[in-house]
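The block underneath contains the structure these notes are about, expressed in structure tokens.
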Amino acid sequence: MNEKVAQLLNEQITHEFYSAYLYLDFANYYASKGLDGFENWYRIQAQEERDHAMLFFQYLHNNSQKVTLGAIRQPDKALNEPIDPLKAGLEHEKLVTGLINAIYAAAHEAQDYRTMQLLDWFVKEQGEEEKNASDLITKMELFGGDPKSLYMLNSELKARVYTAPSLVL
């Protein structure tokens, strides 16, 4: 495997674990506000991010590459209003999309088609993540000011269950 691609994949593991920390921080914020559906949504988001990190971890191992775990920084987003985590989440997903795209570009340049095939799944996943984050913001802007509507939205998010990714490495 190309050295630059392996380095970027290692860095992505740390980014994915940071994403999990960030989403746990969002879940913690919503728990403090009594919004258990939003809390559930972000707990599941955190689990997805941990699984993404482990997919990269396993992929590197499967390709006889050394895995180097970096330091995970503490989330530092200011969360003052219920919409703040949603907006920060969309901003973060856009950042992750850029990181995935950079790895893809490096893999393409190195003609690492196997890694590109792995990343195809992540490119699709990021499109879904950005849409979900954007949709949540829209719903919160439409309904968040009305207690009954917020209750319904919270109930909708509480019904979400975790489904592990089915990606063959």
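The model shown is predicted, which means the values in this text are computed figures rather than measured ones.
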Validation row: Met140, Pro82 side chains within 4.5 angstrom (heavy atoms): yes
Atom pair CG (Leu142) and OG1 (Thr138), whose distance is rounded to the nearest 0.5 Å: 6.5 Å
Pair Glu16-Gln12, side-chain donor/acceptor within less than 3.5 Å: yes
Rounded distance (nearest 0.5 Å) linking atom CD of Gln65 with atom CZ of Phe56: 14.5 Å
Arg43 and Glu39, any side-chain heavy atoms less than 4.5 Å apart: yes
Tyr18 side chain reached by Val96 side chain, heavy atoms, under 4.5 Å: no
Contact summary for Lys66 and Asn10, nearest pair of heavy atoms: O-ND2, 3.0 Å
Path from Phe143 to Trp41 over hydrophobic side-chain contacts below 4.5 Å: no
is_close_aromatic(Phe38, Tyr29), centroid dist under 6.0 Å: no
Glu156 with Lys139: basic N within carboxylate O range, under 4.0 Å: yes
Between Gln7 and Glu3: side-chain donor-acceptor atoms closer than 3.5 Å: no
Sub-4.5 Å side-chain heavy-atom contact between Tyr42 and Leu157: no
Considering all heavy atoms, the nearest Asn40-Ala159 contact: ND2-N, 4.5 Å
Side-chain (Ser19) to main-chain (His15) donor-acceptor, under 3.5 angstrom: yes
Tyr21-Leu95 co-clustered via ILVMFWY side chain contacts under 4.5 Å: no
Spacing of Glu93 atom CD and Leu90 atom CG [to the nearest 0.5 Å]: 8.0 Å
Closest contact, heavy atoms only, Lys77 versus Leu22: CG-CD1, 3.8 Å
Linked, directly or transitively: Tyr104 and Leu99 (ILVMFWY side chains, under 4.5 Å): no
Partner of His52 by ring pair (Phe, Tyr, Trp, His ring centres under 6.0 Å), out of Tyr23, Trp121, Tyr59, Phe17: Trp121
Stepwise side-chain contact (heavy atoms from CB on, under 4.5 Å) check, Asn63 with Arg114: CA-CA 10 Å; Asn63 287 279; Arg114 190 170 177 189; 3.0 Å; yes
Leu60 side chain reached by Met1 side chain, heavy atoms, under 4.5 Å: yes
Lys87/Glu91 ion pair, N-O < 4.0 Å: no
Side-chain heavy atoms of Tyr151 within contact of Pro147, under 4.5 Å: no
Separation of Leu119 CG from Asn101 CG (nearest 0.5 Å): 9.0 Å
Smallest separation among heavy atoms of Leu86 and Ile137, with atom names: O-CD1, 3.6 Å
Exceeds 12 heavy-atom contacts within 6.0 angstrom, atom CD of Glu128: yes
Flag, side chain of Asp84 to backbone of Glu81, donor-acceptor distance under 3.5 Å: yes
Least distance between heavy atoms, Thr14 atom then Gly70 atom: OG1-N, 3.2 Å
Short side-chain to backbone donor-acceptor contact, Asn154 and Gly37, under 3.5 Å: yes
Hydrophobic cluster membership, Leu24 vs Leu79, 4.5 Å side-chain cutoff: no
Pairing of Arg160 and Glu48 as salt bridge, 4.0 angstrom limit: yes
Asp135/Lys131 under salt bridge (Lys or Arg N to Asp or Glu O under 4.0 Å): CA gap, chis, key distance, verdict: CA-CA 6 Å; Asp135 287 351; Lys131 177 163 182 6; 2.8 Å; yes
Distance-only donor-acceptor check, side chains Arg50 and Gln47, under 3.5 Å: yes
Heavy-atom neighbours of His108 NE2 exceed 12 at 6.0 Å: no
Residue pair Pro85 / Tyr30, side-chain heavy-atom distance below 4.5 Å: yes
Min side-chain heavy-atom separation Leu150-Leu35 under 4.5 Å: yes
Within one Ile-Leu-Val-Met-Phe-Trp-Tyr cluster: Phe57 and Phe122, side-chain cutoff 4.5 Å: yes
NZ on Lys4 to CG on Leu9, rounded to 0.5 Å: 12.0 Å
Distance, nearest 0.5 Å, that separates CG of Leu8 from OG1 of Thr115: 10.5 Å
